[in-house]
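Reading through the structure tokens given below for one structure.
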Amino acid sequence: MRADLVAEEASQPNLGVLLRHVHRAGPLSRAVLAERMNLNRSTIMGLTTKLSAAGLVHERSPAGEGRSGRPSLVVTPAAEQVYVLAFDVAVDRLVAARVALGGAVLERRVAPRSRSGPDLDAVVSVLAGFGRQLHRAAPPGSVCVGVGASYCGMIRPGDGMVRYGPHLGWVDQAFGAELGEQLGLGLPVAVGNEAHLGALAEHARGAGVGVQNLIYLHGDVGVGGGIIVGGEVLDGEAGYGCEVGHMLVNPHGGRPCSCGARGCLEAEVGERALLDEAGRPADLIGRDAVRAVVTDAEHGDPVAREAVRRVGDWLGIGVANLINLFNPGMLIFGGIMRDVYVGAEPQIRGRIERNVLPVSRERVRLSTAALGDDTTLLGAAELAFADLLGNPLAVMAQAAR
């Protein structure tokens, strides 16, 4: 093979690696990129030239150009030109957003979702309408390079089929295919479990940046988990791994769980458990209701304080088990688990102190999700960007057709 063709082929993976650096870290100088990628500056220049020609990055002179010596150009993602559509399907709300290369949410739409049972047609109709609006509102000349969705259930890898969505009765629903068809953009919809995607987002640009082994706990109505091992999402043999909400924590007299068992982690620490312990009426539901209990506990309400303490202790048992099993460097709480953690941190840390092996608790850090309520949405965006970051020039060539 000719030397120039060998060099061209070898450069392809590096194009994606470089683009991933500026997508996740923001503007970086050529010098910094050369150091991070262990490449010489002329190679970096060649890569940035190709990415710039494809409309994926811009290069500019650094601030303070009066310094002596030859300045290293700064490479920035082409945020105004390249974007994805990201969707987040939670139990009580539907979110759609246009997310720029670089991770900024440019525009969003939000709608409530009722807990009325299987609602595939309604969910797809709302999200497809939002997606078309966002696509039409994009600036002229900009390019949509992918579509990603986060769903609160078990997702079959590859085709976006929701195998099981426990809280609203979704079983074998072709969510990804239906949404892609109604969007009408000619792009497939990549679908992932919300907690897996939350872990991905926090690892890429949130509290877990630089942490190679972490656990993300996400609370909606129940509890989901995403686990990063060695920088990669742990997905299991068939893609349904990390269902930590169904880890047994209370085998004797535990609360009934949506899965049919009793005493699962999500049964003992989920939305209904906290609201019942606090004596709130059965028709009171949702994230605001959970936050109200935590707020009341902080303000000294004795019933709310005891509810948070009891739920926090069960959560601490689950956390202790996970730390003993996986020895993570960080454990991140998102969704309503973020609120429960804030109110019950003493109980959780107490369980870690009493029940985690000393060598396993030496380095683990606890954190709330740095991306807040956008964690799972931005995880869906990262899923949508995956093909572009894997093969930038091919994806841009396809988008130009």
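Scope of the values below: all heavy atoms of this structure, side chains included, with no hydrogens, waters or symmetry mates.
Atom CZ in Arg109 sits 5.0 Å away from atom CD in Gln133 (nearest 0.5 Å). Taking CG of Asn355 as the start and CG of Asn321 as the end, the distance is 8.0 Å to the nearest 0.5 Å.
Side-chain contact check for Arg30 versus Val75: some heavy-atom pair is nearer than 4.5 Å. With contacts defined as side-chain heavy-atom distances shorter than 4.5 Å, the pair Glu178/Val123 does not qualify. Counting heavy atoms from C-beta on, the side chains of Met330 and Arg363 never come closer than 4.5 Å. Side chains of Tyr240 and Tyr164 form no contact here, defined as non-hydrogen atoms less than 4.5 Å apart.
Taking the charged nitrogens against the carboxylate oxygens, Glu345 and Arg351 have no contact shorter than 4.0 Å, which rules out a salt bridge.
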Only distances under 3.5 Å count here; give the side-chain donor-acceptor pairs of residues 198-209 to other protein atoms, sequence neighbours excluded, each with its distance to 0.1 Å.
unit_1: Glu202; atom_1: OE1; unit_2: Ala207; atom_2: N; d: 2.8
unit_1: Glu202; atom_1: OE1; unit_2: Ala370; atom_2: N; d: 3.1
unit_1: Glu202; atom_1: OE2; unit_2: Ala370; atom_2: N; d: 3.4
unit_1: Glu202; atom_1: OE2; unit_2: Leu371; atom_2: N; d: 3.1
unit_1: Glu202; atom_1: OE2; unit_2: Thr375; atom_2: OG1; d: 2.8
unit_1: His203; atom_1: NE2; unit_2: Val211; atom_2: O; d: 3.2
unit_1: Arg205; atom_1: NE; unit_2: Glu382; atom_2: OE2; d: 3.3
unit_1: Arg205; atom_1: NH1; unit_2: Gly102; atom_2: O; d: 3.1
unit_1: Arg205; atom_1: NH2; unit_2: His23; atom_2: O; d: 3.0
unit_1: Arg205; atom_1: NH2; unit_2: His23; atom_2: NE2; d: 3.3
unit_1: Arg205; atom_1: NH2; unit_2: Glu382; atom_2: OE2; d: 3.2

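By the 6.0 Å and 45° rule, Arg113 stacks over the aromatic ring of Trp170.
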Requested in this report: Starting from the C-alpha separation in whole Å, work towards a yes-or-no answer on salt bridge (charged side-chain N to carboxylate O under 4.0 Å, His left out) for Asp373 and Arg287.
Outcome: CA-CA 11 Å; Asp373 290 340; Arg287 189 170 296 185; 3.0 Å; yes

Report task. With side chain to side chain contact (heavy atoms under 4.5 Å, CB included) as the test, would you mind laying out the steps for Phe385 and Leu101 before giving the verdict? Result -> CA-CA 8 Å; Phe385 276 119; Leu101 185 65; 3.9 Å; yes

Requested in this report: Might you work through the salt bridge (charged side-chain N to carboxylate O under 4.0 Å, His left out) test for Asp339 and Arg291, ending with a clear yes or no?
Outcome: CA-CA 6 Å; Asp339 302 290; Arg291 288 174 175 166; 3.1 Å; yes

Query raised in the report: Does the salt bridge (charged side-chain N to carboxylate O under 4.0 Å, His left out) test come out yes or no for Arg280 and Asp301, once each step is laid out?
Result: CA-CA 13 Å; Arg280 304 300 159 100; Asp301 181 291; 5.1 Å; no

Requested in this report: Could you walk me through whether Leu217 and Leu322 pass the side chain to side chain contact (heavy atoms under 4.5 Å, CB included) test, one step at a time?
Outcome: CA-CA 10 Å; Leu217 288 180; Leu322 291 169; 4.0 Å; yes

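Taking the six-membered ring where the residue is Trp, Tyr341 and Phe333 present parallel rings, their angle staying beneath 30° rather than reaching 60°.
Side-chain contact annotation: Glu268 with Asn250, donor-acceptor N/O pair under 3.5 Å present.
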